[in-house]
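Presented below is the structure to which this report refers.
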Amino acid sequence: MAYWLIKSEPSVYPFDQLVKDKKTCWDGVRNYAARIHLRAMKKGDEAFFYHSNEGMEIVGIAKIVKEAYQDPTTTDDAWVAVDVAPVRKLKNPVKHASIKAEPSLAQMALMRLSRLSVQPVTEVEWEKILKMAGEK
DNA sequence: GCCAACGTTGGC
DNA sequence: GCCAACGTTGGC
């Protein structure tokens with residue numbers, strides 16, 4: 001099982017909205033690097049849900065419920081979407097600043113490639129962040 | 001609101 | 001195929 005991180009601006013689609021919706025289509029990705037990751041996602045994989053710009057923190061965990069398919073927001077079959085569902089909110093959201101202050105997480109894609117909207121997370125990073133969130 | 005980083009576009 | 005110009009994202 002793989003781990004991921006997906007970003008959203010809370011003013012556009014906050015985690016609470018995903019909780020309300022029970023499931024959403026993660027579409028509209030128009031970036032080649034992000035697409036590679038979307039296509040690599042498997043059903044059951046889990047992803048951190050990160051709020052960019054406002055909040056700037058990981059607020060919850062989502063899981064992939066449907067693997068990559070043609071993005072419904074375009075007729076161009078070059079682009080794909082996945083379906084995600086909420087797993088749970090984190091007890092304590094993990095701030096961007098906290099991640100930055102943690103040397104073992106300095107190599108995270110979130111730090112190095114801040115503009116990438118869909119990114120992989122290693123198991124080590126995943127566990128570390130869960131601890132910081134008070135989940136373990 | 002500013003600006004750095006980065007992806008994309010288009011001229012050559 | 002290179003690279004300058006431009007647009008967008010996201011941290012500050």
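Fair warning: this is a prediction, and the values are worked out from it, not measured in the lab. Naming convention: chains lettered A, B, ... in sequence-line order (proteins, then strands); numbering from 1 in each chain.
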Quiz item: Is there a side-chain hydrogen bond (donor to acceptor under 3.5 Å, both in side chains) between A:D45 and A:W4 once you walk through the steps?
Solution: CA-CA 8 Å; A:D45 282 357; A:W4 309 96; 3.0 Å; yes

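- A:D27 and A:Y69 are not linked by any side-chain donor-acceptor pair at a separation below 3.5 angstrom, with hydrogens and angles left out of the test.
- Side chain to side chain, A:D77 and A:Q70 fail the donor-acceptor criterion of an N or O pair below 3.5 Å.
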Quiz item: Tell me, for nucleotides 4-10 of chain B in 5' to 3' order, what letter each nucleotide earns: B for a base near a protein heavy atom under 4.0 Å, S for only sugar-phosphate near one, - for neither?
Solution: -BBSS--

Quiz item: Would A:D71 and A:T73 count as a side-chain hydrogen bond (donor to acceptor under 3.5 Å, both in side chains) if you check the C-alpha gap in whole Å, the side-chain angles of each, and the deciding distance to 0.1 Å?
Solution: CA-CA 5 Å; A:D71 187 335; A:T73 63; 2.6 Å; yes

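- For the pair A:E102 and A:K128, the salt-bridge criterion is met [side-chain N within less than 4.0 Å of a carboxylate O].
- Atoms CD (A:E57) and P (C:dC12) sit 14 Å apart, rounded to a whole Å.
- Under the 4.0 Å criterion applied to side-chain N and carboxylate O atoms, A:K63 and A:E46 are not assigned as salt-bridge partners.
- Counting to the nearest Å, the P atom of C:dG11 and the CE atom of A:M108 are 12 Å from each other.
- Atom NZ of A:K95 and atom P of C:dC12 are 12 Å apart (whole Å).
- The phosphate of C:dC12 (OP1 or OP2) has a side-chain N or O of A:K100 nearer than 4.0 angstrom.
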